[in-house]
Amino acid sequence: MTQKNKEPWDQYSEYLHLDKLLSAQHRRSEDARKQGLEPSHDEMLFILFHQVYELWFKQILFEMDDIQGRFQDNIVNDRDLGPVINQLGRIVLILRTVVQQLDILETMNPQSFIDFREHLRSASGFQSWQFRLLEIKLGLRRDDRLKFNYHEYDEEMNTGHKATIRKAEASKSLYDQVDGWLSRTPFVEDGDYTFWASYRKAVNTMFDERLAFLKTQGLDAEQFATEETAIEKGRKKFESLFDEKAHAGMVNDGLWRMSWRGLQSALFISIYRDQPVLHMPYRMLSLLMDIDELLAKWRYAHALMVQRMMGLSMGSGGSSGYGYLMQTLEKHRIYDDLFALSTYLIPSRAMPELPERIKNAMGYSYNSPHRAA
Ligand code: HEM
């Protein structure tokens with residue numbers, strides 16, 4: 001039969017391969033009928049749920065590939081930022097949806113789960129290679145991962161998936177690409193203007209003014225000494241940010257991951273976000289933080305659900321279960337440098353003004369014939 005002669009109703013099923021999709025939910029507890037046992041009703045929800053997740057992972061990876069493709073060159077075309085922001089926004093909405101969806105799975109009670117759990121054998125979400133790929137593409141590095149029972153996480157993965165994982169690990173992650181892009185931000189150093197020098201001056205003025213204010217407050221010697229020490233601590237904290245060598249040492253100690261230049265630009269963008277050319281970069285950094293936050297929320301919601309379903313039992317993948325998952329919550333954060341930057345914000349009133357020349361360069365001024373009217 002040619003495509004034309006087909007019933008219109010079949011077109012829908014065919015286009016979506018529904019026959020394949022809808023026949024892929026086999027409850028293993030159904031097989032237990034042969035032994036006269038009732039199949040588990042909730043096993044259907046459990047299977048379907050994981051499949052829905054894998055489909056969403058597939059879509060997220062599809063978006064990631066496109067985003068990463070736009071960042072692969074040393075010069076990112078400005079016109080690519082719009083689609084990148086749209087796609088990151090889409091990933092954020094998908095992640096928000098999958099976090100919320102867990103509520104549906106929690107309508108299954110722990111007894112129902114235990115009734116079919118044996119049918120999972122050693123199957124576990126831990127083996128989701130798409131989830132691993134997503135973590136890697138976003139920027140989670142092998143060395144930063146929690147060791148899984150003292151083994152590499154992909155040790156038992158099949159050869160094909162392992163090759164995919166290793167290839168992704170050997171390529172630049174979105175984190176590296178964004179860091180490189182940030183490091184090339186114009187305006188941070190422009191002629192005799194350097195953001196770092198002007199920010200450092202503003203920070204020191206802020207501390208000097210605070211000290212001068214405290215001197216007028218009639219504090220006794222002990223109170224004054226406590227305040228002075230706090231101010232000195234504050235100065236030191238900022239100095240470690242301004243000093244490239246100190247930053248390198250902190251990278252070595254695992255306290256920072258982002259490059260020195262990348263951090264400067266991220267702070268610059270976040271402070272001067274209302275300058276027209278910085279709107280899009282600021283939006284992009286915010287979306288990356290949203291993604292990191294939503295992944296952490298998912299890890300937390302999933303860990304709580306695991307605790308509700310199986311208490312402190314070990315996972316079918318062989319981990320300690322709830323305990324392991326709670327540790328990943330902290331350890332597997334990726335963009336936490338962007339969050340840590342807020343430590344270095346100062347009140348707006350103390351913020352250095354941008355030179356007029358730089359402000360003009362960052363505006364949307366153009367020679368429109370309508371402007372003069
Ligand atoms: C009743 C529901 C669920 C239970 C009891 C459960 C249990 C677990 C446990 C115990 C682990 C730790 C690894 C192990 O030892 O097995 C784990 C990991 C994982 N699960 Fe679930 N899970 C549930 C639902 C889901 C769903 C719906 C998904 C969606 C795909 C999912 C995805 C994952 C992923 C990706 C991991 C790896 C996390 C990591 O290593 O950071 N799980 N799960």
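One-based numbering, in listed order, for ligands and for the atoms of each.
In terms of protein heavy-atom proximity, atom 26 (C) of ligand 1 is closest to His50 NE2, 3.2 Å. Scanning the protein heavy atoms around atom 11 (C) of ligand 1, the nearest turns out to be Leu325 CD1, 3.8 Å. Among protein heavy atoms, atom 4 (C) of ligand 1 sits closest to Val306 CG2, 3.9 Å. Looking only at heavy atoms of the protein, atom 34 (C) of ligand 1 is closest to Gly125 O, 3.3 Å. Atom 13 (C) of ligand 1 has as its closest protein heavy atom Ser319 OG, 3.4 Å. The shortest contact between atom 10 (C) of ligand 1 and any protein heavy atom is with Gly315 CA, 3.5 Å.
For Tyr15 and Tyr12, the ring centers are positioned 6.0 Å apart or more.
Gln264 places none of its side-chain heavy atoms less than 4.5 Å from the side chain of Leu267. Between Phe57 and Ser128, some side-chain heavy-atom pair lies under the 4.5 Å cut-off. Between Gln223 and Asp220 there is a side-chain heavy-atom pair separated by less than 4.5 Å. At least one side-chain heavy atom of Phe187 sits less than 4.5 Å from a side-chain heavy atom of Val277.
Close contacts of ligand 1 with Phe49, meaning ligand atoms under 4.0 Å from a residue heavy atom, involve 27 (C). Contact atoms of ligand 1 toward Leu105: 2 (C), 27 (C) (distance under 4.0 Å to a heavy atom of the residue). Heavy-atom contacts of Gly318 reach the following atoms of ligand 1: 15 (O) (cutoff under 4.0 Å). Less than 4.0 angstrom separates some heavy atom of Gly317 from each of these atoms of ligand 1: 14 (C), 15 (O), 16 (O). Within ligand 1, the atoms closer than 4.0 Å to a non-hydrogen atom of Met305 are 2 (C), 3 (C), 23 (C), 24 (C), numbered from 1 in the order shown. Near Ser124, meaning under 4.0 Å from any of its heavy atoms, are these atoms of ligand 1: 13 (C), 14 (C), 16 (O). Atoms of ligand 1 lying under 4.0 Å from at least one heavy atom of Ser316, given by number and element, are 16 (O).
For a threshold of 3.5 Å applied to N or O pairs, the pair formed by Met108 and ligand 1 contains no separation below that value. At least one N or O atom of Arg299, backbone or side chain, sits closer than 3.5 Å to an N or O atom of ligand 1.
The aromatic rings of Tyr193 and Phe268 sit tilted, their planes meeting at an angle between 30° and 60°. Taking the six-membered ring where the residue is Trp, Phe207 and Phe238 present perpendicular rings, their angle passing 60° and hence far from 30°. Using bins of under 30°, 30° to 60° and over 60° for the plane-to-plane angle, the ring pair Tyr53/Phe49 lands in the tilted bin. Between Tyr175 and Tyr335, the ring planes lie tilted relative to each other; the angle falls in the 30° to 60° range. Between Trp298 and Phe131, the two ring planes are tilted [angle within 30° to 60°].
Contact annotation: for Tyr53 versus ligand 1, heavy atoms closer than 4.0 Å belong to the side chain alone. Here Trp56 has no heavy atoms under 4.0 Å from ligand 1, in either its backbone or its side chain. Within the 4.0 Å heavy-atom criterion, neither part of Glu54 lies near ligand 1. Here Met314 has no heavy atoms under 4.0 Å from ligand 1, in either its backbone or its side chain.
With Arg132, Met310, Gln127, Lys331 as candidates, the residue nearest to atom 37 (C) of ligand 1 on a non-hydrogen basis is Arg132. With atom 5 (C) of ligand 1 as the reference point, the heavy atom nearest to it among Tyr322, Phe46, Phe113 is part of Phe113.
In this structure, Arg283 places its CZ atom where only 12 or fewer heavy-atom neighbours from other residues, nucleotides or ligands lie under 6.0 Å away. Taking a 6.0 Å sphere around CH2 of Trp56, one finds it holds 12 or fewer heavy atoms contributed by other residues, nucleotides or ligands.
In terms of distance to atom 21 (Fe) of ligand 1, the nearest N, O or S atom of His302 is named NE2.
When each of Arg132, Arg166, Lys162 is tested with Asp154 by the rule salt bridge (Lys or Arg N to Asp or Glu O under 4.0 Å), just one qualifies, namely Arg166.
Residue contacts with ligand 1: Tyr153 is excluded, as none of its non-hydrogen atoms falls under 4.0 Å.
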